[in-house]
Amino acid sequence: MAKIGVWIEMGQDGVKEANLGVLTAAAGHEVYALVCSGDAEGCREVCGKYGAAKVVALAAESGALWDSPDLAARALAAAANEFDLQVVTGLGSLNGRDLLARTAAILDAPLLQDCTAVDFTAGTVEKSHFSGKTVARFECRAPLWLCSLRPNAVEPQESPVEAEVVSYTAPVSGSGGVKVLEVRRDSSGVMELTEATIIITGGRPMDSAENFQLLHECAAELGAAVGASRAAVDAGFAPHSMQVGQTGKTVSPRLYIACGLSGSVQHFAGMKTSKVIVAINTDKDAPIFGKCNYGIVGDLFEVVPVLTEVLRERA
Amino acid sequence: MQVYVCVKHVPDTAASIKVEGEAGYSEGVKYVLNPYDEYAVEEAVRVVKEQGGEVIAVCVGKASALATVRSALAVGVDRAILVKIDEQLPDACVVAQALARAIEKDGQADLVFAGRQSVDSEGMQTHYRLASALGLPVVSDVVAFSLKDGGAQVERECGGGAREVIEVSLPCVIGANKGLNEPRYPKLPDVLKAKKKPVEQIDIASLGIEKPESGCRLTKLSAVPDRGQATMLSGGVREMVEELVRILEQDEKVL
Ligand SMILES: Cc1cc2nc3c(=O)[nH]c(=O)nc-3n(C[C@H](O)[C@H](O)[C@H](O)COP(=O)(O)OP(=O)(O)OC[C@H]3O[C@@H](n4cnc5c(N)ncnc54)[C@H](O)[C@@H]3O)c2cc1C
């Protein structure tokens, strides 16, 4: 059994759902949930339900951990030493990857980011190389190593244990030259693409930002997040934060619905590991139909509203 | 200002990758400058254009990476250092040490730019390790950069459409994301001029890397096949959609 530290990412209302898969991957080992946000007590129940017996309330000698990712990383690194952890892991979100990279650099320990599978007992992980065209398998033999897990890579599964909160104030302070001044949130309160379990995406034929409303309406019925192709982003129909693909987000939902996308290699680089891919395209010969699960030949402007309607009737 | 930019020579994103041996791949494909590095190069060139100084590209790669180094020189980089290494997919820890030693040997960095990730090994960490080796602060996923009050103010994407506004002291390391700028395309005269710009080529062995391995080893690379021809739905729009919803709900159980 290994001692595994799991960094817990907080969302607007508590522990983010997407952490649960990471906790599940570590469950069965001696799991320390590492909480930087101040509210460890609020995380105790859910962390315990998914197998973490210790919930560590992490703090710095002076300064708030969320004001500097550098300070937070130094605190995590100190915790790794304090609790004698063999692995530090966490959600491979933008913040998770940032924090784990900082921590790995401080600890001078190896790190594998955005892993799609992990076996903590064997010390092996799998991750994408060449944008989903190949899977790379790694063996970790270092006494301490780190990894971040791609959101939705592991299906959450409860394995309840009694959890207790322990406080640990790391002997660190100061911002290390990196200070968060402000977090600007999108007013629309969009769901984070990478953590969504269903995604509906619009391509170049969306033709305007307004037309994306069509996808948002359908997404509301699906409980989905809305994505865009680079062609749609570069044309100004959607912000870059919605772009899926090589130079956008990498997503791995259980259902991906592509509306008006040709199926470019670079788009697939970002969504290839989705469980089920559905394409809607006017062109029966579009390359996307050669690499997805289900296809509908049709105009997205006709098909999507009907999909929304059928989903609404079913609810 | 002395601005360094780290660049990587990677297979084109459209190339098909053929696995060779246990953990290698066939190099008979087109190579390009790593797409995220394009944003890093553009920002470095822009900063030096405004502030004066020099942009130096640093690359750790095989001898063939010279082509990518030249492409950076063709879009405004002044000179370059190529640290030669034999491995196809070198360990990020080793690359970061090599970059750090090469930069330290060359001069005093005021700023270092790199791409947020490379599209071959997708390590997402080299620039963090480089910063640590140089003793500098680092911010990645940067979509806006400006110099302000003797430091830098940057914006980084942090998920869910949110952005963090971060103050970082100089010198620092910046990991560039798409959206930071519009990379320029090289013009023919610049491509020709780039051939005359100085490139210092050194062997990694001459840099005295202290830690030659990280403790994590790539043991196997396997191709991921595309999923093949889709099951096409038929009938009128309503019919197709109802059948799709039924399949997603009952057969696939994803709704
Ligand atoms: C370095 C690099 C990085 C890249 N990164 C990304 C990335 O991150 N993400 C990304 O998406 N792309 C990326 N690209 C771009 C990529 O190569 C494609 O150009 C892009 O994905 C195409 O977007 P699209 O499918 O929306 O548009 P198109 O390729 O133009 O396809 C539009 C499709 O819609 C169909 N269509 C037209 N009208 C309708 C309608 N009314 N209803 C239904 N279907 C319709 C057409 O038949 C066509 O198949 C990158 C390219 C490079 C070189």
Side-chain angles (χ1 to χ4, degrees), chain A residues 70 93-95 97-98 101-102 104-106 110-114 128-142 145 176-186 190 192 240-241 246-247 254-255 265-266 275-276 279 289-296 298 302-303 306-307 310, chain B residues 11 13-14 16-17 19 35 93 119-125 128-129 131-132 137 139-141 157-169 172 178-179 214-224 226-233 237-238 240-242 244-245 247-248 252 254-255:
Chain A
D70 186 82
S93 58
L94 283 163
N95 283 340
R97 286 177 344 217
D98 182 63
R102 291 175 185 280
I106 294 165
L111 162 71
L112 293 152
Q113 297 268 47
D114 201 29
S128 155
H129 265 28
F130 304 103
S131 325
K133 288 174 208 156
T134 64
V135 170
R137 188 183 166 85
F138 282 84
E139 266 177 29
C140 306
R141 293 286 166 263
W145 56 280
V178 183
K179 229 168 95 187
V180 178
L181 302 177
E182 180 191 351
V183 181
R184 289 192 191 140
R185 295 199 187 282
D186 199 301
V190 287
E192 171 57 22
H240 176 246
S241 58
Q246 188 86 63
T247 42
R254 59 171 191 258
L255 173 60
V265 179
Q266 292 90 356
K275 188 159 172 252
V276 175
F289 289 135
K291 45 184 178 181
C292 71
N293 301 94
Y294 299 98
I296 289 184
E302 285 170 33
V303 178
V306 175
L307 177 58
V310 169
Chain B
T13 56
S16 16
I17 299 298
V19 174
C93 299
V119 301
D120 55 354
S121 56
E122 305 174 40
M124 311 174 186
Q125 55 186 278
Y128 290 92
R129 294 189 188 276
S132 181
V139 184
S140 191
D141 305 309
E157 246 184 61
C158 59
R163 285 180 170 201
E164 274 177 347
V165 182
I166 295 180
E167 188 181 81
V168 48
S169 60
C172 65
K178 177 176 182 256
S214 70
C216 270
R217 205 165 55 84
L218 172 64
T219 54
K220 187 153 186 57
L221 205 57
S222 331
V224 179
D226 277 335
R227 54 191 83 194
Q229 182 59 38
T231 302
M232 301 301 289
L233 300 165
V237 171
R238 175 93 200 179
M240 288 192 287
V241 169
E242 280 178 351
L244 176 68
V245 170
I247 291 172
L248 295 177
E252 299 285 359
V254 292
L255 273 189

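A, B, ... follow the sequence lines: proteins, then strands. Residue 1 opens every chain.
Summarising the geometry of A:Phe138 relative to B:Cys216, their closest heavy-atom pair is CD2-C, 4.5 Å, with the distance given to 0.1 Å. Of all heavy-atom pairs between A:Val265 and B:Thr13, the closest is CG1-O, 3.3 Å. Annotation for A:Leu94 and B:Gly159: closest pair CD1-N, 3.4 Å, computed over non-hydrogen atoms. When all heavy atoms are compared, the tightest approach of B:Gln125 to A:Leu111 is NE2-O, 2.8 Å. In terms of heavy-atom proximity, A:Phe130 sits nearest to B:Pro11 at CE2-CG, 3.6 Å. In this structure, A:Tyr294 and B:Glu252 approach most closely via the heavy-atom pair OH-OE2, 2.7 Å.
For the set B:Cys172, B:Pro35, B:Ala14, the count of heavy-atom pairs under 4.5 angstrom toward chain A peaks at B:Ala14. If you tally non-hydrogen atom pairs under 4.5 Å between each of A:Gln266, A:His129, A:Lys291 and chain B, the highest count goes to A:His129. Taking chain A as the reference chain and counting heavy-atom pairs below 4.5 Å, the highest number among B:Ser132, B:Ser222, B:Ser214, B:Pro137 is found for B:Ser222. Comparing B:Leu248, B:Val237, B:Asp120 by heavy-atom pairs within less than 4.5 Å of chain A, the highest count is held by B:Asp120. Highest contact tally toward chain B, considering only A:Arg97, A:Lys275, A:Arg141, is held by A:Arg97 [criterion: heavy-atom pairs under 4.5 Å]. The candidate with the highest count of non-hydrogen atom pairs below 4.5 Å against chain B, out of A:Gly298, A:Ser128, A:Ala104, A:Gly132, is A:Ser128. Among B:Glu164, B:Met240, B:Glu242, B:Met124, the residue with the largest count of heavy-atom pairs under 4.5 Å with chain A is B:Met124. Comparing B:Val254, B:Asp226, B:Val168 by how many heavy-atom pairs each has under 4.5 Å with chain A, the most go to B:Val254.
In this structure, B:Glu167 CD and A:Lys179 NZ are separated by 5.0 Å, a value rounded to the nearest 0.5 Å. Taking SG of A:Cys140 as the reference point, atom CZ of B:Arg217 lies at 11.0 Å (rounded to 0.5 Å). Here the SG atom belonging to B:Cys158 is positioned 6.5 Å from the CZ atom belonging to A:Arg185, to the nearest 0.5 angstrom. Put simply, CG on A:Asn293 and CD on B:Gln229 are 11.0 Å apart, with the number rounded to the nearest 0.5 Å. Interatomic distance, A:Asp114 CG to B:Glu122 CD, rounded to the nearest 0.5 Å: 7.0 Å. How far CG of B:Leu218 is from CD of A:Glu139: 10.0 Å, rounded to the nearest 0.5 Å.
Of the atoms belonging to B:Leu233, heavy atoms from both backbone and side chain fall under 4.5 Å from chain A. Heavy atoms of A:Gln246 lying under 4.5 Å from chain B belong to its backbone as well as its side chain. If you measure heavy-atom distances from B:Val19 to chain A, the contacts under 4.5 Å come from the side chain alone. Interface residue B:Ser169: backbone and side-chain heavy atoms are both found under 4.5 Å from chain A. For B:Asp141, the part lying under 4.5 angstrom from a heavy atom of chain A is the side chain only. For B:Val245, the part lying near chain A is the side chain, with the backbone staying farther off; criterion is any non-hydrogen pair under 4.5 Å. For A:Asp98, the parts lying near chain B are the backbone and the side chain together; criterion is any non-hydrogen pair under 4.5 Å. Heavy atoms closer than 4.5 Å to chain B are found nowhere in A:Ser93, neither backbone nor side chain.
Residues B:Ser16 and A:Lys133 fail the side-chain proximity criterion, which asks for heavy atoms closer than 4.5 Å. Inter-residue side-chain proximity for A:Val310 and B:Arg238 is flagged as met; some heavy-atom pair is nearer than 4.5 Å. Put simply, the side chain of B:Ile166 reaches to within 4.5 Å of the side chain of A:Val178, judged on heavy atoms. Under the 4.5 Å side-chain criterion, counting only non-hydrogen atoms from C-beta, A:His240 is in contact with B:Lys178.
At distances below 3.5 Å, at least one donor-acceptor pair connects side-chain atoms of B:Thr219 with backbone N or O atoms of A:Arg137.
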